[in-house]
Amino acid sequence: MKTNVAVFFGGRSVEHEISVISALQAIAAFDKEKYEIVPIYISKQGRWYTGPKLLDIRNYRDMNRLVAESEEVFMRPEYGDYNLYKVNTGMFSKRNPVAAELHVAVPVLHGTTVEDGIFEGVLETIGIPYAGCNTLSSANGMDKITMKMILRSEGIPVVDYVWFTDHEWNSGKDAIVARVEEKLGYPVIVKPANLGSSVGIGKAADRAALIEKINNAEKFSQRIIVEHMIENLKEINCSVLGDTDERISSVLEEPIKSGDFLSYEDKYMGGTKTNAGMQSSDKRIPAELPADMTGRIRNMASDTFRVLSCHGVSRIDVMIDEKDNSVYVNEINTIPGSLSFYLWEASGISFTQLMDRLVALALKRKRAADRKTFTYDRNIFALGGGTKGGVKGAKSPKFKG
Ligand SMILES: Nc1ncnc2c1ncn2[C@@H]1O[C@H](COP(=O)(O)OP(=O)(O)O)[C@@H](O)[C@H]1O
Ligand SMILES: [Mg+2]
């Protein structure tokens, strides 16, 4: 029997289109002898659709038409119900027909509301095995402030930073500027805490620019981070595959930027060229680095994956300060663009094998979770504890037993 794999993509995120590309690449890579793929496209409005038209990238030029020609579907938030239901019940039927019986979910979603644990929480509620990071590691990985706090406390190097909320900024700009100048000096990089794709990020070399960049970042997020800016920067990315028990790190990639820092265009449009598509963004694989530096970065990526309790495939982006060869973890992408397949191919694991491993890891985690105890069969109400005295007695129910 084939395994029915739901590939989720799209979503209410600024990285919607990137997710469509990543997902269609992943769907093409699955071994169709072993897997039945059910594409589930989440529109920018948050509605779910399935159907064969979703498999052709050209159909996304007109998204309204695409969804009109696809089947709107949903899952119920009931533990153990892995069915995908059609929204349309048909004229004479009261029950929603089943569109597909799912076995495993593979989220190929990027950005806020989908890569930050929110969507993973839906899958956890249903209980369906799924690939990739769980709610906790997704959320910790997405928030640039929380991630840095965790890594720093575990001895993984990150650049110095100052963080604050939009409310704190608006009620005391001078104090925050003073903190930045005292702790970091200039230049600095200002970032909204939880976006991706360089959205809202700015560089500031003086006080006026700092204020302007924070005012801008504040439009995107309630939490803002200002970081020491590495001026002699070399960026390196490393993918890690597995779970906290067992994991491997990939060969390294050096993305090539066209301006001061990697922009949305660099990442997805192939630098200044316009329509080359994500897979052709300029990069050097493997990165040209001395062997000891390569080893150091691969270990750091693997440690980051473990400390954040990641799962499946993630990509850890590090920064080398070429002034003194120090290395810092910049960020983690818990669902990396193209699932980092090009780094795994260069490491001897084909895209098809990568998808195999993600499904196997999803099933392994589900088996492990099923072995843990979540509920007690005992019903404290049925035991009579605290019921005798009516409302009064309810003050001291006996939870321990
Ligand atoms: N501390 C820093 N020093 C120098 N450059 C930085 C620093 N932080 C980020 N950058 C530059 O900005 C880019 C985007 O920042 P990043 O934190 O990776 O955000 P995103 O989540 O949007 O990818 C990086 O790829 C890098 O080029
Ligand atoms: Mg980045």
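One-based numbering, in listed order, for ligands and for the atoms of each.
- Applying side-chain hydrogen bond (donor to acceptor under 3.5 Å, both in side chains) to R223 and the options T165, D166, D143 leaves one that passes, D143.
- Under a 4.0 Å heavy-atom criterion, K203 is not in contact with ligand 1.
- Taking backbone and side-chain atoms together, E331 has an N/O/S atom less than 2.8 Å away from the Mg ion (ligand 2).
- Geometrically, R365 engages Y130 in a cation-pi contact defined by less than 6.0 Å to the ring centre and at most 45° from the axis.
- Distances from atom 8 (N) of ligand 1 to the heavy atoms of E15, M229, K191 put K191 nearest.
- Looking only at atom types and distance, the side chain of E69 has no donor-acceptor partner in the side chain of N59 under 3.5 Å away.
- Within ligand 1, the atoms closer than 4.0 Å to a non-hydrogen atom of E235 are 24 (C), 25 (O), 26 (C), 27 (O), numbered from 1 in the order shown.
- Of all atoms in ligand 1, numbered sequentially from 1 with element shown, those under 4.0 Å from a heavy atom of N330 are 8 (N), 16 (P), 17 (O), 18 (O).
- With a 4.0 Å cut-off on non-hydrogen atoms, I201 touches ligand 1 through its side chain and not its backbone.
- Side chain to side chain, N134 and S137 meet the donor-acceptor criterion of an N or O pair below 3.5 Å.
- Numbered from 1 in the order shown, with element, the atoms of ligand 1 that lie under 4.0 Å from a heavy atom of L233 read 4 (C), 5 (N).
- Salt bridge annotation for E227-K148: present, with a cationic side-chain nitrogen under 4.0 angstrom from a carboxylate oxygen.
- Of the heavy atoms in H228, only backbone atoms (N, CA, C, O) come closer than 4.0 Å to ligand 1.
- Using 4.0 Å as the threshold, I189 has a heavy atom nearer than that to some atom of ligand 1.
- Here Y41 and Y60 bring their ring centres to under 6.0 angstrom of each other.
- For the pair K183 and Y161, the cation-pi test (distance below 6.0 Å, angle within 45°) is passed.
- At least one heavy atom of K144 sits less than 4.0 Å from an atom of ligand 1.
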